Amino acid sequence: MSFFKKLKDKFSGNQEAEQSTEKYKEGLTKTRTGFTSKINDLVARYRKVDEDFFEELEEVLLQADVGFETVMELMDQLRFEVQRKNVKDTSNVQSVISEKLVEIYEAGDAEINELKFADDLTVILFVGVNGVGKTTSIAKLAHRLKNEGKTVLLAAGDTFRAGAIEQLDIWGKRVGVDVIKQSEGSDPAAVMYDAVRAAKSRGVDVLICDTAGRLQNKVNLMNELEKVHRVISREIPGAPHEVLLALDATTGQNALIQAQTFKEVTNVTGIVLTKLDGTAKGGIVLAIRNKLKIPVKFVGLGEQMDDLQPFDAQKYVYGLFAEGLDKEEELENAEADK
Amino acid sequence: MAFEGLAERLQGTIQRIKGKGKVSEADVKEMMREVRFALIEADVNLKVVKEFVKKVSERAVGQDVMESLTPGQQVVKIVKDELTNLMGGEQSKIEFATKQPTVIMMVGLQGAGKTTTSGKLAGMLRKKHNRKPLLVAADVYRPAAVQQLETIGKQLSLPVFSKGTDLSPVEISRQAIEYAKAEHLDTVIIDTAGRLHVDENLMQELKDIRALKEPDEIFLVVDAMTGQDAVNVAQNFNEAIGITGVVLTKLDGDTRGGAALSIRSVTDKPIKFVGMGEKMDALEAFYPERMASRILGMGDMLSLIEKAQTNVDEAKAKELEEKFRTSSFTFDDFLEQMNQVKQMGPLDEILKMLPGANKIKGIENAKVDESQMGRVEAIIQSMTTQEKTTPEIINSNRRKRIAKGSGTTIQDVNRLLKQFEDMKKMMKQMSGMANSKKGKKKMSMPGLDSLFK
């Protein structure tokens, strides 16, 4: 049985899994047609697995923003794998590729893709550069956690950008959760202090903290973020339990520097990859996982409230290669008919 | 994890070419491999990179090495020139309508910075072009987008046309244009909602707004950190509504900004402005040459010079130059110069603009110790007037006194005195150079380097 078949079998039969896999397929339609059709083109054009083939494959990955170093490493591994398994036919390379991509993610334990919850109050801090979708992702996550039966409180920590507090406030009303806020221009650390106090006294399960977008090379703003982080940990030892870096899927190689710098300052525990419903592939997360060991925890696949999905490497790859699966299945069916 | 600049990447190849008579095809091929790496790492689209490398290779083969002392530099220069050409010479002019009002549409993906840029643009048009802008809140989808523009309008004391979120963006825009006519506001800036370039419904909405009154400018606002996908975004927006120019935002980050090149080469539309910060006046003209340097990781000397020019008092600079020539530069002048450097902005940012700065390990985390400058200031202020003008008289007793007075050590004082001497020597050489050329506006900034030590 092929790799794709195995994947599909794994997700069918379980309705919930099937639904969310559908979401992936839907959201990744553009991604898939871009990325997978290219791999299929390749397969169609090359009969043999040779250097030309690898070179083109390399280009497909580079155009997915995976980045030079990671692509080079991946290509080396693929070459080795192809040689070891003695794969001659390019159509079989597809499964080797997807296996390899999943492997990068599953290096280490797979569980780290899930959110870590504390016994009583869990604090989740959102960080990231400007315009990546922190506030929207917070709303989606609050919606998700609320549906899971948790009580949620939001903290409007972006006191800088015009309209940011109102934005979170409107989302709070839509989702049906309270928002702790102060006026624009107030000290974000003070907002956090208030929010943590409020979360404790109200006995909520999860406090999600918004912060202002900041470019990672602004030393003062990064210091401010460090302070916000410190205030939270002082109030609750061990908090924030999760620090999620919102990352725009359209971002190129700078995402790696973003991840590194934010990790140094706030000890980022995971990534929320936003705007994956466009044509961008967000391939840089491969490099980030590979080099900085930061896993992707959620992906944003659309503008609806339930368009935030937990990241699952296998589903992700399944979404990328869904066409390949359908094709292989047809082939297998055709063979069975004979 | 800062990426190597092209110049560093080429070092190895260059070593081998040195001493050869001509740059051979094989040499060029090898160097172009590095060029390709550098451009991809800078997020230039792969297809664009390929075309570009082909073009540059043709120019580079057969160049005489002997003509220039460093063939590598020559290749870098060719690459840089070609990049500069590609990104276009024309400057950031804005088309104004002959029949009022001028309509400017701001379009782009979510989170690119349209609303902020709309505000900055309105502020600039009022200040530099003496226009009376009207900001139009046509983003009815994102929660609080209207409030955001209203707040920005308040900050800038500019009128904002907002009708809440119940009317359609097309209707809001139509009413806004009528309102501008009635109120004699000559420039209408429409802030549209962020949308995916593959969202057909929302792209149709832009076409409908466009049909109200043919906009004089349609600016695509693009995040400078965008990766390979920049070509798709730019192409789709351009094909759907026909953009007239591009605004590159968040360029005050540390991205190389290769998207600039990608966008330019697929749309052939000029990049008109760049967003350089969160403040409302942080919108600057686009300079292709600086962008080329940046993409290649070559530092941004020109921006630095420009910064110096806008912040340094011309008259004072002349006076200073006179002092360099006559070697009558004193510690008072030193202090004044230091203050001027301070005014140019945080020193670590200035430091990063220097060419080769990215070669220094850990530069991305470099924090210039501004307290060091405070110490220098204290030392100078602890000197007598006589000591300041003729530092030669500062003997060991005086040094002790100065150190005590400024709360520093004798070593600190010694170091400063030595730096001052070095600076004076350097100035002599530099002013000699400045005299031989006629560069009148030339800003020399001796002492800058010693401050970083």
Side-chain angles (χ1 to χ4, degrees), chain A residues 30 34 59 62-65 67-69 71 129-133 135-136 139 160-171 174 184 212-221 248-258 260-261 264 274-275 277-284 291-292 303, chain B residues 1-3 37 40-43 45-47 49-50 109-113 115-116 119 141-152 154-155 194 196-199 223-230 232-233 236 249-250 252-259 277-278 346 348-349 352 364-365 367:
Chain A
K30 284 113 199 174
E59 290 187 356
L62 283 176
Q63 287 190 60
D65 285 317
F68 218 92
E69 264 187 67
V71 170
V129 300
N130 318 61
V132 286
T135 310
T136 311
F160 180 79
R161 204 205 65 201
I165 298 169
E166 287 96 327
Q167 189 180 349
L168 193 70
D169 211 26
I170 294 173
W171 272 117
R174 283 191 198 169
E184 199 179 304
R214 63 201 77 219
L215 295 173
Q216 70 277 9
N217 60 338
K218 309 273 172 190
V219 176
N220 291 344
L221 294 178
D248 187 329
T250 49
T251 312
Q253 300 308 300
N254 194 251
L256 201 56
I257 305 175
Q258 284 174 27
Q260 192 191 26
T261 319
E264 279 164 13
T274 63
K275 309 181 200 173
D277 49 332
T279 48
K281 288 90 185 168
I284 191 69
K291 289 206 180 116
L292 301 170
E303 298 201 289
Chain B
M1 215 171 291
F3 303 114
F37 287 3
I40 291 171
E41 288 284 56
D43 288 325
N45 183 271
L46 191 63
K47 281 187 205 129
V49 171
K50 279 182 159 179
L109 298 180
Q110 291 94 338
T115 308
T116 307
Y141 306 107
R142 181 167 59 100
V146 174
Q147 285 96 318
Q148 186 184 354
L149 196 67
E150 279 171 352
T151 308
I152 286 172
K154 232 175 265 162
Q155 281 170 11
L196 286 175
H197 49 293
V198 286
D199 188 329
D223 188 325
M225 294 177 274
T226 310
Q228 296 284 320
D229 204 38
N232 298 326
V233 174
N236 280 30
T249 60
K250 308 178 204 172
D252 50 328
D254 52 13
T255 180
R256 284 275 164 82
E278 299 195 58
D348 20 4
E349 265 168 50
K352 272 168 212 162
E364 65 270 21
N365 309 318
K367 284 169 211 149

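In what follows, every chain begins at residue 1, and chains take the letters A, B, ... in the order their sequences are listed. Everything numeric in this text was worked out from a predicted model, so none of it was measured.
In this structure B:Gln110 satisfies the side-chain hydrogen bond (donor to acceptor under 3.5 Å, both in side chains) test together with A:Glu303, sequence neighbours excluded.
With respect to chain B, the highest number of heavy-atom pairs below 4.5 Å among A:Ala162, A:Ala139, A:Gly133, A:Gly163 belongs to A:Ala162. Ranked by heavy-atom pairs under 4.5 Å with chain B, the list A:Asp248, A:Thr136, A:Leu215 is led by A:Leu215.
Neither the backbone nor the side chain of B:Asp199 has a heavy atom closer than 4.5 Å to any heavy atom of chain A. Proximity to chain A is limited to the side chain of B:Leu109, based on heavy atoms less than 4.5 angstrom apart. Interface residue B:Gln155: only side-chain heavy atoms are found under 4.5 Å from chain A. Proximity to chain A (any heavy atom under 4.5 Å) is shown, for B:Lys154, by neither the backbone nor the side chain.
Within the 4.5 Å cutoff, side-chain heavy atoms of B:Asn236 are placed close to those of B:Val198. For the pair B:Asp254 and A:Asn254, the minimum side-chain heavy-atom distance is below 4.5 Å.
The pair A:Glu59-B:Lys50 meets the salt-bridge criterion, with a side-chain N (NZ, NE, NH1 or NH2) lying under 4.0 Å from an Asp/Glu carboxylate O.
B:Gln228 places a side-chain N or O within donor-acceptor distance of the main-chain N or O of B:Leu46, the cut-off being under 3.5 Å.
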